Student: 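Before anything else, here's the structure in question.
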Amino acid sequence: MTMIGNSRIHLSLGDITEQRTDAIVNAANSTLMGGGGVDGAIHRKGGTEILEECKIIRKTKWPEGLPTGEAVVTTGGRLKAKMVIHTVGPIWKGGNEREPELLASAYRNCLALALKMKIRSISFPSISTGAYGYPIEKASRIALSTVFGFAREHNGIDEVHFVLHSQHDLMIYDAALKEVVQTGFTGLD
Ligand code: AR6
């Protein structure tokens with residue numbers, strides 16, 4: 001556990017759909033209509049109520065789809081978490097297509113929305129590092145440094161969990177955490 005401002009940051013190995021934090025984050029795509037990976041698992045376990053709310057969001061706020069780096073909130077349906085924050089990470093295209101900025105925006109917009117919704121604990125998966133192909137060494141530094149930056153500047157979120165799906169991913173996040181704590185690396189330099 002690492003304390004940044006008033007927020008406790010945890011890394012763990014597990015399944016995001018089993019988390020008991022107020023909210024969990026979905027690594028969605030811009031259609032908000034579901035998919036594989038984290039997205040598939042959340043919709044499967046959370047039930048149709050989540051998809052129904054996503055359809056309303058598409059009809060009202062984002063008819064053309066949720067842009068990369070933005071975030072929206074729905075119920076958690078049958079999940080243990082009360083809410084799901086859906087965000088869209090960037091697809092890795094080699095690193096020169098604003099991927100770092102867009103990934104940082106995805107994390108930042110999730111946290112800003114959590115603060116607005118008075119969510120006090122939140123769990124993130126490793127956004128973009130599955131189907132979207134973002135190299136996890138790079139993505140983990142951006143994820144952690146963005147969360148640290150937000151936690152330093154805002155009070156109100158007590159716990160931020162990163163739930164990694166393999167021991168290998170956990171080791172990479174652990175190394176990135178040490179690096180970010182020691183060097184203040186922003187991931188965007
Ligand atoms: N709990 C925690 N982490 C998980 C879980 C789980 N249950 N399942 C997978 N992961 P991905 P992306 C890890 O592909 O790269 C979907 O089809 C996984 O090992 O879920 O942002 C969407 O609809 C990886 O490290 O998300 C989009 O089309 C990380 O979560 C697209 O994939 C993210 O993998 C989004 O791709």
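Only a predicted model underlies this, so the values are computations on that prediction, with no experimental measurement involved. Counting begins at 1 with the first residue of the sequence. Remember, it's 1-based here, ligands and their atoms both numbered in the order they're listed. Heavy atoms only: backbone and side chains are in, while hydrogens, waters and symmetry mates are out.
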Student: Are any of the heavy atoms in Asp169 under 4.0 Å away from ligand 1?
Tutor: yes

Student: Hey, does Arg152 have a side-chain heavy atom less than 4.5 Å from the side chain of Ile4?
Tutor: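 Counting from C-beta outward, Ile4 and Arg152 do come under 4.5 Å.
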
Student: Decide whether an N or O pair under 3.5 Å exists between Ser126 and ligand 1.
Tutor: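 Checking ligand 1 against Ser126, no N or O pair falls under 3.5 Å apart.
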
Student: Any ion pair linking Asp15 and Lys45 (charged N to carboxylate O, less than 4.0 Å)?
Tutor: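 Yes, charged N to carboxylate O under 4.0 Å.
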
Student: Could you tell me whether the side chain of Ile85 reaches within less than 4.5 Å of the side chain of Ile122, counting heavy atoms only?
Tutor: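 SC-SC contact between Ile122 and Ile85 confirmed.
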
Student: Should the heavy atoms of other residues, nucleotides or ligands under 6.0 Å from NE2 of His10 be counted, would the total exceed 12?
Tutor: yes

Student: Atom 25 (O) of ligand 1: which protein heavy atom is closest, and how many Å away?
Tutor: Thr129 OG1, 3.2 Å

Student: Are any of the side-chain heavy atoms of Thr74 and Met83 separated by less than 4.5 Å?
Tutor: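 Of all side-chain heavy-atom pairs linking Met83 with Thr74, none is under 4.5 Å.
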
Student: Which residue owns the protein heavy atom closest to atom 26 (O) of ligand 1, what's the atom, and how far is it?
Tutor: Ala27 CB, 3.6 Å

Student: Starting from atom 19 (O) of ligand 1, what is the nearest protein heavy atom, named by residue and atom, and what distance separates them?
Tutor: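 Protein heavy atom at minimum distance: His165 CB, 3.9 Å.
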
Student: Can you confirm whether Arg141 sits close enough to Glu179 that some side-chain heavy atom of one is under 4.5 Å from a side-chain heavy atom of the other?
Tutor: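 They are in contact (side-chain heavy atoms under 4.5 Å apart), so the answer is yes.
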
Student: Show which atoms of ligand 1 fall inside a sub-4.0 Å distance from at least one heavy-atom site of Asp39.
Tutor: 22 (C), 23 (O)

Student: Provide, to 0.1 Å, the distance between atom 30 (O) of ligand 1 and the closest protein heavy atom, together with that atom's residue and name.
Tutor: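 The answer is Val38 CG2, 3.4 Å.
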
Student: Tell me, which protein residue and heavy-atom name are nearest atom 1 (N) of ligand 1, and how many Å apart are they?
Tutor: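 Nearest neighbour among protein heavy atoms for atom 1 (N) of ligand 1, to 0.1 Å: Ile16 N, 2.9 Å.
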
Student: Considering non-hydrogen atoms only, spot the tightest contact between Phe124 and Cys110 and give its length.
Tutor: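 Closest approach of Phe124 to Cys110, heavy atoms only: CE2-CB, 3.7 Å.
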
Student: Using a 4.0 Å cut-off to any heavy atom of Gly35, which atoms of ligand 1 qualify?
Tutor: 17 (O), 23 (O)

Student: I need the minimum non-hydrogen distance between Ser7 and Ile157, along with the two atoms involved.
Tutor: OG-O, 2.6 Å

Student: Nearest protein heavy atom to atom 14 (O) of ligand 1, by residue and atom, and its distance?
Tutor: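 Its nearest protein heavy-atom neighbour is Ala131 N, 2.8 Å.
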
Student: How far is atom 7 (N) of ligand 1 from the closest protein heavy atom, and which atom is that?
Tutor: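 Looking only at protein heavy atoms, the one closest to atom 7 (N) of ligand 1 is Asp15 OD1, 2.9 Å.
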
Student: Who gets closest to atom 27 (C) of ligand 1 by heavy atom: Tyr134, Phe162, Tyr132?
Tutor: Tyr132

Student: Considering only heavy atoms, which of Ser128, Gly34, Ala139, Ala106 lies nearest to atom 12 (P) of ligand 1?
Tutor: Ser128

Student: Is the closest basic N to carboxylate O distance between Lys55 and Glu52 below 4.0 Å?
Tutor: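 Yes, this pair counts.
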
Student: Counting only nitrogen or oxygen atoms and a 3.5 angstrom limit, does Ala28 reach ligand 1?
Tutor: no

Student: Among all protein heavy atoms in this structure, tell me which lies nearest to atom 15 (O) of ligand 1, with the distance rounded to 0.1 Å.
Tutor: Gly130 N, 2.8 Å

Student: Run the numbers on Leu170 and Gln167 for side chain to side chain contact (heavy atoms under 4.5 Å, CB included), then give the verdict.
Tutor: CA-CA 5 Å; Leu170 177 60; Gln167 191 67 49; 3.9 Å; yes

